[in-house]
Amino acid sequence: MNLQQVKQRFGIIGNAPKLNRALEIAVQVAPTDVSVLITGESGTGKEVMPQVIHHLSHRKHGEYIAVNCGAIPEGTIDSELFGHEKGSFTGASDARKGYFEVANGGTIFLDEVADLPLQTQVRLLRVLETGEFIRVGSSKVHKTNVRVVAATNLNVQKAIEEGKFREDLFYRLNSVPIHLPPLRDRGIDIHLLFRKFSADFAEKYRMPGIQLTDEAVELLINYYWPGNIRQLKNTTEQIAIIENERLIDAETLTKYLPDAGNRQFPMVIKAQQPGGENISEREILYKVLFDMRNELQELKAMVLEMAKHPDLDFREQAAKFAHTDYEPLNIIAPANRVNAPSPPVYRDEVIDHHEEVEESLLLNDVEKDLIVKALQKHNNRRKNAARELGISERTLYRKIKEYNIS
């Protein structure tokens with residue numbers, strides 16, 4: 001079966017190279033029994049790939065069960081997957097087979113597999129390695145012959161580093177990796193999908209289909225689509241129902257695309273420290289203010305030095321206090337100007353002036369002001385104020401004592 005036939009059979013639309021490559025791998029791996037891990041952002045259609053693999057395999061006449069691991073509570077996930085015995089826990093009035101027992105000879109699709117609890121991951125690893133499992137509340141070992149296809153939209157490597165996912169389970173599931181590209185990387189496929197959804201909703205709601213102007217098509221293709229195919233389908237349905245005009249221009253389409261006019265501009269959300277910790281925008285602001293304070297202190301030191309010695313050359317002082325190799329500004333010190341007498345410099349006035357500038361811009365004052373405003377906003381509720389400031393309640397209490405805030 002070639003790719004075009006596979007697309008027609010499973011309703012897959014598009015000709016993007018990355019999509020075709022993912023399908024090629026799925027078709028090639030289908031006749032085998034190796035585990036497959038499908039990755040990709042939420043809404044990219046990861047649930048279609050396991051169906052392709054199952055129906056093109058020798059297991060096509062067996063059971064196909066899709067399980068959303070993130071939708072099952074942690075307390076019952078083991079029972080759902082591996083079954084339980086009567087009386088094994090409160091409410092277990094009868095023995096029950098789990099999905100791995102029911103799907104014997106078939107395929108299980110574990111969607112959002114990275115959401116599995118660590119205890120369940122151990123059980124799953126045993127099934128993958130030996131085909132054995134034990135029901136909850138039992139000591140009897142059961143055997144099963146199930147092919148596992150898993151999917152996740154999370155960064156599994158990061159989850160492993162954080163201790164949330166077992167590394168040995170990852171390598172066992174990742175025998176064959178398949179990555180589905182996000183919608184924004186599929187180019188003209190976006191318009192093809194829009195036309196397909198438009199036709200479907202026209203038939204469903206018995207109304208004329210919607211079409212796009214050339215400018216609207218360009219906007220559609222260049223939009224970021226954070227929700228991928230799911231978002232495109234919902235957007236198409238909204239336009240089909242709400243708009244009376246069947247020809248949609250770019251201005252009308254923009255109303256249904258969040259931040260469509262701003263996506264092209266870069267926006268700093270958070271920075272990353274070398275150690276992997278996120279820095280909030282408030283912390284970035286603190287760092288900028290701290291750097292400004294250091295520069296003001298250096299400027300003050302230079303001015304004070306010149307106040308002590310009015311005959312010093314300005315260029316030498318600027319080079320002395322500069323951190324970089326740039327040329328100092330082309331300013332002539334008053335003492336070196338021709339026919340321009342040096343104005344008297346009163347040391348006390350210089351010191352007082354610059355101490356006032358420095359005091360008003362100190363980082364401590366900014367921090368104290370932020371704390372006072374946060375406390376006023378939340379009626380002195382320290383827990384809420386700490387959450388607003390992005391610090392712990394204990395740190396806030398220490399700062400209140402440090403700055404003597406009443």
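Sequential numbering from 1 along the given sequence is applied to the chain's residues.
A salt bridge (charged side-chain N to carboxylate O under 4.0 Å, His left out) check over residues 194-203, counting only residues at least two apart or in different chains, returns the pairs Lys196-Asp200. Identified under the salt bridge (charged side-chain N to carboxylate O under 4.0 Å, His left out) test for residues 39-59, with sequence neighbours left out: Asp33-Arg59, Glu41-Arg184. Applying the salt bridge (charged side-chain N to carboxylate O under 4.0 Å, His left out) test to pairs two or more places apart or on separate chains, those with a residue in residues 74-95 are Asp78-Arg123, Glu80-Arg96, Glu85-Arg135.
Between the Glu112 side chain and the Ala150 main chain, no donor and acceptor come within less than 3.5 Å of each other. At distances below 3.5 Å, not a single donor-acceptor pair connects side-chain atoms of Asn379 with backbone N or O atoms of Arg381. Remark: the backbone N or O of Ala216 is paired with a side-chain donor or acceptor of Thr213 at under 3.5 angstrom. At least one donor-acceptor pair under 3.5 Å links the side chain of Thr130 to the backbone N or O of Arg126. Arg166 contributes no side-chain N or O that, together with a main-chain N or O of Leu125, makes up a donor-acceptor pair within less than 3.5 Å. Listed for the Thr32 side chain is a donor-acceptor partner under 3.5 Å among the backbone atoms of Val29. Here the side chain of Thr395 pairs no donor or acceptor atom with the backbone of Ile391 at under 3.5 angstrom. Side-chain atoms of Tyr223 come within 3.5 Å of backbone N or O of Pro258 as a donor-acceptor pair. No donor-acceptor distance shorter than 3.5 angstrom exists from the side chain of Glu162 to the backbone of Ala159, with no hydrogens or angles considered. Looking only at distances, a side-chain donor or acceptor of Trp225 sits under 3.5 Å from a matching main-chain atom of Leu220.
Two residues are said to be in side-chain contact when any heavy atoms from C-beta on lie closer than 4.5 Å; Asp111 and Thr152 fail this criterion. Looking at Ile77 and Pro117, their side chains come closer than 4.5 Å, going by heavy atoms from C-beta outward. Side chains of Tyr99 and Val146 form no contact here, defined as non-hydrogen atoms less than 4.5 Å apart. Arg9 is not listed as a side-chain neighbour of Gln5, based on a closest heavy-atom distance of 4.5 Å or more. Between Pro182 and Tyr224, the closest side-chain pair of non-hydrogen atoms is not below 4.5 Å. Considering only heavy atoms from C-beta on, Thr144 stays 4.5 Å or farther from Phe82 through its side chain. In this structure, the side chains of Ile12 and Leu3 stay at 4.5 Å or more apart for every pair of heavy atoms. Within the 4.5 Å cutoff, the side chain of Leu180 has no heavy atoms near those of the Thr39 side chain.
Residue Glu129 holds its CD atom at 6.0 Å from CZ of Arg172, rounded to the nearest 0.5 Å. Rounded to the nearest 0.5 Å, atoms OG1 (Thr252) and CD1 (Ile210) are 10.5 Å apart. Note that the OG1 atom of Thr44 and the CE atom of Met49 stand 9.0 Å from one another [nearest 0.5 Å]. Note: Ile134 CD1 to Glu132 CD = 8.0 Å, rounded to the nearest 0.5 Å. Note: Gln231 CD to Gln238 CD = 9.0 Å, rounded to the nearest 0.5 Å. Between atom CD1 of residue Ile38 and atom CZ of residue Phe109 there is a gap of 5.5 Å, rounded to the nearest 0.5 Å.
Within 6.0 Å of CZ on Phe89 lie more than 12 heavy atoms contributed by other residues, nucleotides or ligands.
None of Val149, Leu173, Asp115, Leu81 except one satisfies the side-chain contact (heavy atoms from CB on, under 4.5 Å) rule with Leu110; the exception is Leu81.
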Take Leu128 and Ser35, measure what side-chain contact (heavy atoms from CB on, under 4.5 Å) needs, and give me the verdict at the end. CA-CA 8 Å; Leu128 291 171; Ser35 301; 3.8 Å; yes
Decide yes or no on side chain to side chain donor-acceptor pair (under 3.5 Å) for Arg147 and Ser57, but give the supporting numbers first.
CA-CA 10 Å; Arg147 183 187 197 162; Ser57 71; 4.8 Å; no
(message) Walk me through whether Lys7 and Asn20 qualify under side chain to side chain donor-acceptor pair (under 3.5 Å).
(response) CA-CA 10 Å; Lys7 291 177 182 178; Asn20 288 340; 2.7 Å; yes
Between Ile229 and Phe197, does the side-chain contact (heavy atoms from CB on, under 4.5 Å) criterion hold? Intermediate values first, please. CA-CA 10 Å; Ile229 298 175; Phe197 295 147; 3.9 Å; yes
Check the pair Phe165, Leu116 against side-chain contact (heavy atoms from CB on, under 4.5 Å), reporting the backbone distance first and the verdict last.
-> CA-CA 8 Å; Phe165 199 80; Leu116 284 175; 5.5 Å; no
Step by step, would you call Ile400 with Leu375 a side-chain contact (heavy atoms from CB on, under 4.5 Å)? CA-CA 10 Å; Ile400 290 174; Leu375 289 169; 4.0 Å; yes
Derivation and outcome, side chain to side chain donor-acceptor pair (under 3.5 Å), residues Tyr205 and Glu237
CA-CA 10 Å; Tyr205 299 117; Glu237 186 172 20; 2.4 Å; yes
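Using a 4.0 Å cut-off between charged nitrogen and carboxylate oxygen, Glu161 and Lys158 do not count as a salt-bridge pair.
Lys233 and Asn228 form no side-chain donor-acceptor contact under 3.5 Å, judged by distance and modelled atom types alone.
Legend: residues meeting salt bridge (Lys or Arg N to Asp or Glu O under 4.0 Å) with Arg186, ordered by chain and number and at least two apart, are Asp189. For Ser88, the side-chain contact (heavy atoms from CB on, under 4.5 Å) criterion is met by His84, Ala92, Val136, not counting sequence neighbours. Residues that satisfy the side-chain contact (heavy atoms from CB on, under 4.5 Å) test with Asn222, not counting sequence neighbours, are Glu218.
For the pair Ala151 and Leu37, the tightest heavy-atom approach, listed with the atom from each and the gap, is N-CD1, 4.2 Å. Residues Ala22 and His179 come closest through the heavy atom pair CB-O, 3.7 Å.
Relative orientation of the Phe133 and His142 rings is parallel, given thresholds of 30° and 60° on the angle between their planes.
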